[in-house]
Amino acid sequence: MTNVRVLEESYVFLGAYTYRCPPCQITARGLSKAEARKTRTVHRRRVHGSPIVEPDGEAITRAPYVDQWRGPAIAVAVFVVIMLLAPHL
C-alpha cells in the first residue's frame, strides 16, 4: 500500500487534535476536532472505500501539550492585569 498524505494542512492556528491511521502510516497533527473528524471521513472514503470502515488502530486523540500550558498562561495573564491596574489603585 502506498503512503497517503493529508491534502489540507493549516499551520496558522494549530489545533489540539491528531488523526492517525496506523495501517496507512499517516498522521495529521494540529487539527480542530471537526477537522480531525472530516479528515477521518475523507480518508476512510478515499483509501478504505467506505466512510464506515474502521481500520485497526485508527484514532483521533487530543494532544497532551495543550493542557500543560493552560494553568501557567492563566497565571501570567492574571499577573499582567494586576500589574497594569496596580498604579491606578
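Excluded from the calculations below are hydrogen atoms, water molecules and symmetry mates; all remaining heavy atoms, backbone and side chain alike, are included.
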key: From CZ (R29) to OG1 (T61), nearest 0.5 Å   = 9.0 Å
message = Rounded to the nearest 0.5 Å, what separates atom SG in C24 from atom CZ in R46?
response = 13.5 Å
message = Under the side-chain hydrogen bond (donor to acceptor under 3.5 Å, both in side chains) test against E58, which residue among R44, R20, R40 passes?
response = R44
Reported CZ-to-CG distance for the pair R37 and L31, which is rounded to 0.5 angstrom = 12.5 Å
inquiry  = Using side-chain contact (heavy atoms from CB on, under 4.5 Å), reason through C21 and H43 one step at a time and then give a plain yes or no.
reply    = CA-CA 9 Å; C21 183; H43 175 73; 3.4 Å; yes
query = Can you tell me how far the CD1 atom of I26 sits from the OH atom of Y19, to the nearest 0.5 Å?
reply = 5.0 Å
message = Quick check: closest heavy atoms across A36 and Y17, and the distance to 0.1 Å?
response = CB-CB, 4.2 Å
inquiry  = How close do D56 and P22 get, counting heavy atoms only, and between which atoms?
reply    = O-CD, 4.1 Å
ask   = Applying the 4.5 Å side-chain criterion to the ILVMFWY set and letting contacts propagate, would V47 and I52 be lumped into a single cluster?
value = no
